[in-house]
Every structure is written in C-alpha cells, then in structure tokens.
Protein chains: 2
Amino acid sequence: MAKNPEALFLTAVGDRHRMRILNLLIEKPMSVKTLSKSLKIEQSNLSHHLKCLFDCKFVDVNVKGRNRMYSINPSIKKIIAPFNSYIRDYGAYLKTCKESS
Amino acid sequence: MAKNPEALFLTAVGDRHRMRILNLLIEKPMSVKTLSKSLKIEQSNLSHHLKCLFDCKFVDVNVKGRNRMYSINPSIKKIIAPFNSYIRDYGAYLKTCKESS
DNA sequence: TCAATATATGAATATCAAATCATATGTATT
DNA sequence: AATACATATGATTTGATATTCATATATTGA
C-alpha cells in the first residue's frame, strides 16, 4: 500500500540515527567522516541514512575537496525544536509499542 | 539495542495509521468504533495502535457506557501543528528511503 | 442470566526497514 | 598514473513492526 506524505515523513525522520544526525547538523555542517566519528555510526550505514535524509530534502550536501559537507535544510528546523522540547519534558514516559502487554 | 527516547517517540508516532488517529482526535474525543469507521481501520488492528498511543501517553481513555472514548493528550498538540505545517509545505518532496537507488 | 455490543489481547504471519559486507566511485596527492 | 582517502552503492542478512485471526473481557439491556 502506497505511503501518504505523513508516513513518508515519519519514516524518514523516525529513526534513532537520523534524528541524531539532524540534531548534530542543526549546529553546523559536517563531513561524513566527522558525523561517523561523533555518532559512532559505521560509514556505510551512515551514508545510507544520509541518502535517505537527502532524498527527502532534510539535508543538503556540497563537495569540499574529497569531503562532502552535509548541512541541514532550514525548513526542517521548525520541527526539530518542538520535538526536542517534547522529549525533554515527556521523554521519560515513552514506551515501546510492544512492552507491558 | 535499547531505544533512546527520541526513537521511542518516533516509532510511536511514526506510523501511517497512528498519525491519522492523532489528527482525528485532535478535533474531538472519539470511540474506537467511530475511529474505526472514519479511518477504515479494522477494529482489532486499531486497538493495537491505540494501545501503543496510550502507553506513550499520547492519548487518554475514559469509559462511557460500553464505549471507550479516546482523547488526545494536550502535550502532544505542540508537535502535531508544526508537523502538519511541514507536510503542507514540503510533503510533495518526500520520498521513501528506498527508491531512486 | 443470556444475548448483544464494544473493545482488548495474544499468537502467528507478513511486511518493511536497518545493519552489514563487499565493492565501486570520485577526488587529491605524489 | 598510482596510491590513498572519503564516500556511495547494491545485495544480503537480520531484526523490528504491522496486520490478521481467533478469542477473551467488559458493559448494557431484555
């Protein structure tokens, strides 16, 4: 069944790693190498995540020597802020959908 | 690997059906029956999604006769608004993480 | 108490996304 | 041109999540 934009959005951003990537990039542009070190995500795996973020236009790239600098697309900042604020206030209450069955 | 609050949040809300549920409930409380009809989600499946939303405190329930009225937890409204606004403006650009390989 | 209605639950299955691995591509440096 | 470095890609494996199905529970009304 084809996904609606809401679902596309949520799967795109809805990942432990991708959210952390965005939260780092919101501060400043970074190369894959730097991201990989900071977040301890293996390079190839990280590249896959970046591709996903890029395809959805959450991040931009530009080439700088042999590095590729990823930067955040400003449009998405509006969402990250309320998201982080929610996590700060209510994060402790969250559960997986499975548990407490 | 244990999930961080960010990931918990995103998996909880990050689902085609659950987002639509929240977007309906934001207008007014509804019974499972009503939700099921409006969203054309089969009852048992819907109940599973509601449980997930409830466990994460995104919705509340109260019993009204033999119905159970689900209502949205106000704390989450702050996120739904910017989310919907993003979708409205940029939804068309979203892609699945797989395609265009 | 019995039947009807509304909802929840657990287990089994099906579907989808993430991680990994091996390798390819592109750029810079010598 | 050859090597090294940085990153991307495709295929495969692995793991997680959604759906379905059969059934249980709870409430109401006859």
Side-chain angles (χ1 to χ4, degrees), chain A residues 1-4 6-21 25 29-56 59-71 94-101, chain B residues 1-4 6-21 25 29-56 59-71 94-101:
Chain A
M1 205 183 306
K3 283 194 173 186
N4 58 26
E6 285 81 2
L8 286 176
F9 178 93
L10 290 163
T11 10
V13 83
D15 171 276
R16 179 168 59 111
H17 288 326
R18 291 197 288 273
M19 200 63 218
R20 293 202 301 148
I21 294 169
L25 291 183
M30 288 185 193
S31 70
V32 178
K33 196 82 189 286
T34 313
L35 281 169
S36 176
K37 278 182 186 163
S38 309
L39 298 173
K40 303 203 174 59
I41 302 175
E42 182 271 337
Q43 179 271 316
S44 142
N45 188 9
L46 179 57
S47 275
H48 283 294
H49 286 304
L50 287 170
K51 176 170 184 356
C52 165
L53 292 172
F54 179 80
D55 284 346
C56 288
V59 299
D60 282 322
V61 206
N62 61 41
V63 178
K64 196 116 185 188
R66 38 184 149 188
N67 300 316
R68 284 163 165 252
M69 303 300 285
Y70 279 87
S71 58
L94 295 166
K95 290 188 183 180
T96 71
C97 285
K98 291 284 159 185
E99 90 183 61
S100 83
S101 61
Chain B
M1 202 184 303
K3 284 194 169 184
N4 58 26
E6 285 80 2
L8 286 176
F9 178 92
L10 290 163
T11 7
V13 83
D15 171 274
R16 180 169 57 112
H17 289 326
R18 292 198 288 272
M19 200 61 217
R20 294 203 302 149
I21 294 170
L25 290 182
M30 287 185 193
S31 69
V32 178
K33 196 81 188 288
T34 313
L35 281 168
S36 176
K37 279 183 189 164
S38 308
L39 298 174
K40 302 203 174 60
I41 302 174
E42 182 272 335
Q43 179 271 316
S44 139
N45 188 9
L46 180 56
S47 275
H48 283 294
H49 286 303
L50 286 170
K51 177 171 183 358
C52 165
L53 292 172
F54 179 80
D55 285 346
C56 288
V59 299
D60 283 322
V61 206
N62 61 43
V63 179
K64 196 116 184 186
R66 38 186 147 189
N67 301 316
R68 283 162 167 252
M69 302 300 286
Y70 280 86
S71 59
L94 294 166
K95 289 187 184 181
T96 71
C97 285
K98 292 285 159 182
E99 92 184 58
S100 83
S101 62

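Just so we're clear, the structure is a prediction, and the values are computed from it rather than from any experiment.
What separates NZ of B:K40 from P of D:dT19 is a distance of 16 Å, to the nearest Å. The NE2 atom of B:H17 sits 10 Å away from the P atom of D:dA18 (whole-angstrom rounding). Residue B:D15 contributes atom CG, which lies 16 Å from atom P of C:dT15 at whole-angstrom precision. If you take CZ of B:R20 and P of D:dA18, they are 15 Å apart, rounded to a whole angstrom. Rounded to an integer number of Å, the gap from CE of B:M69 to P of D:dA26 is 21 Å. Taking atom CZ on A:R16 and atom P on D:dT17, their separation rounds to 11 Å, with Å as the unit.
For B:H48, there are no side chain to side chain donor-acceptor pair (under 3.5 Å) partners, not counting sequence neighbours. Judged as a side chain to side chain donor-acceptor pair (under 3.5 Å), and not counting sequence neighbours, the contacts of A:Q43 are A:S47. With sequence neighbours left out, the side chain to side chain donor-acceptor pair (under 3.5 Å) criterion links A:H49 to A:R18, A:N45. Residues meeting the disulfide (SG to SG under 2.5 Å) test with A:C52, sequence neighbours left out: B:C97. A:S36 pairs by the side chain to side chain donor-acceptor pair (under 3.5 Å) definition with nothing, not counting sequence neighbours.
When heavy atoms are screened at a 4.0 angstrom cut-off, B:F54 is found touching no nucleic acid atom at all.
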Could you walk me through whether A:L50 and A:V61 pass side-chain contact (heavy atoms from CB on, under 4.5 Å), step by step?
CA-CA 10 Å; A:L50 287 170; A:V61 206; over 6 Å; no
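For residues 60-70 of chain B, the set of pairs meeting the side-chain hydrogen bond (donor to acceptor under 3.5 Å, both in side chains) definition, not counting sequence neighbours, is empty.
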If you restrict it to nitrogen or oxygen atoms, what contacts under 3.5 Å exist between nucleotides 20-26 of chain C and the protein, and what is each distance?
unit_1, atom_1, unit_2, atom_2, d
C:dT20, O4, A:H48, NE2, 3.3
C:dC21, N4, A:S44, OG, 2.4

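Nearer to the 5' terminus of DNA chain C, by closest-nucleotide assignment, is the contact made by B:V61 (compared with the other of B:V61 and A:T11). Comparing B:L50 and A:H49 by the nucleotide of DNA chain C whose heavy atom lies nearest to each, the residue mapping closer to the 5' end is B:L50.
Listed by residue number, the members of residues 29-37 of chain A with any heavy atom below 4.0 angstrom from DNA chain D are A:S31, A:V32, A:K33.
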